[in-house]
Chemist: 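Attaching a single structure in structure tokens format; questions to follow.
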Amino acid sequence: MIGIFDSGVGGMTVARAVEKLLPDYRITYFGDLARTPYGSKSPATIVEYAIQNTEFLLAQGAKLIIVACNSAASVATETLRQRFTVPLFEVITPAIDKAIIATPSGKIGVIGTVATIKSGVYDREITRRNPQLKVYSQPCPLLVPLVEEGWLDARETKMIVRRYLYPLKQKQVDTLVLGCTHYPLLKELISQRIGKKKVTLIDSSAEVAHSLKAFLETHPEIEQSLAKVGENRYYVSDVTSAAAAIAQMIFGRPIQLIKT
Ligand code: DGL
């Protein structure tokens, strides 16, 4: 089966995108709700958690892992690749690929948690591939709690989004990477605030699902090893009512959260 993990339930945006594009494959999800948020933790702690989450999914029978958390992907990918032999996908590379193609003027904005932006991964990888491109990054630490409160359309959220996006607007970015699991839930609002007609938003959840599909088409040995019968399972290290509400919002149906 496909194993997907995140620091909480935000990564279900990735599970949902995979389910939509690849409905034949079984998914096991793990959301580390007991230790969320990762975005404000140190790289060493995030790496340690990412290793434990991967071990949990492999023990459940995962044949392939998706790191659905930008914060974990930005600091732990290299360690996970060294430590585990299964194919490993993460949400950053496909978003970078798409952003590079999408930008007409070469000015790319990136928003994410403090851990993701501090890691510098987007900046480094985008300019490594094309040194002509300019990357403008903005940490948006208040957005995750606002989404978790369900304040998707609140006046306060609009004000905060406007404030975070202002420096990127000033730089006239034409492409904006939503570098956090929670931001697709604010897509409409972000799009309005940054300039709907002028700026392309890159949603990593959709991009990782497309890159996984392309991979499975060219790797039949992995494709055949993935379970196609049974139920998708959603494990969490703690159950909270806010998490259940977000899960329902993402999938558009109630999701049974199984406590590990
Ligand atoms: N999943 C995290 C990310 O994508 C957001 C929530 C957190 O900080 O743990 O960066």
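Atoms within each ligand, like the ligands themselves, are counted from 1 in listed order.
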Chemist: Mind checking what residues have non-hydrogen atoms under 4.0 angstrom from ligand 1?
Modeler: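 Shell around ligand 1 (4.0 Å, heavy atoms): Asp6, Ser7, Thr36, Pro37, Tyr38, Gly39, Cys69, Asn70, Ser71, Thr113, Val144, Cys180, Thr181, His182.
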
Chemist: Got a sec, which residues hit side chain to side chain contact (heavy atoms under 4.5 Å, CB included) with Thr157, two or more places apart in sequence or on another chain?
Modeler: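 Partners of Thr157 by the side chain to side chain contact (heavy atoms under 4.5 Å, CB included) criterion, ordered by chain and then number, come out as Leu146, Trp151, Ala154, Val161, Leu186, Leu189.
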
Chemist: Hey, do the aromatic rings of Phe56 and Phe5 have their centres closer than 6.0 Å?
Modeler: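 When the ring centroids of Phe56 and Phe5 are compared, they turn out to be at least 6.0 Å apart.
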
Chemist: Any sub-3.5 Å donor-acceptor pair from Thr103's side-chain atoms to Ile100's backbone N or O?
Modeler: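 Side chain of Thr103 to backbone of Ile100: no pair is present.
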
Chemist: Sub-3.5 Å donor-acceptor pair from the side chain of Ser119 to the main-chain atoms of Val75, do we have one?
Modeler: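 Absent.
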
Chemist: Parallel, tilted or perpendicular: which fits the ring planes of Tyr234 and Tyr29, with parallel below 30° and perpendicular above 60°?
Modeler: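 Answer is tilted, since the angle falls between 30° and 60°.
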
Chemist: Could you check whether any side-chain N or O of Lys169 sits under 3.5 Å from a backbone N or O of Arg193, counting only pairs where one atom can act as donor and the other as acceptor?
Modeler: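 Here the side-chain-to-backbone pair exists.
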
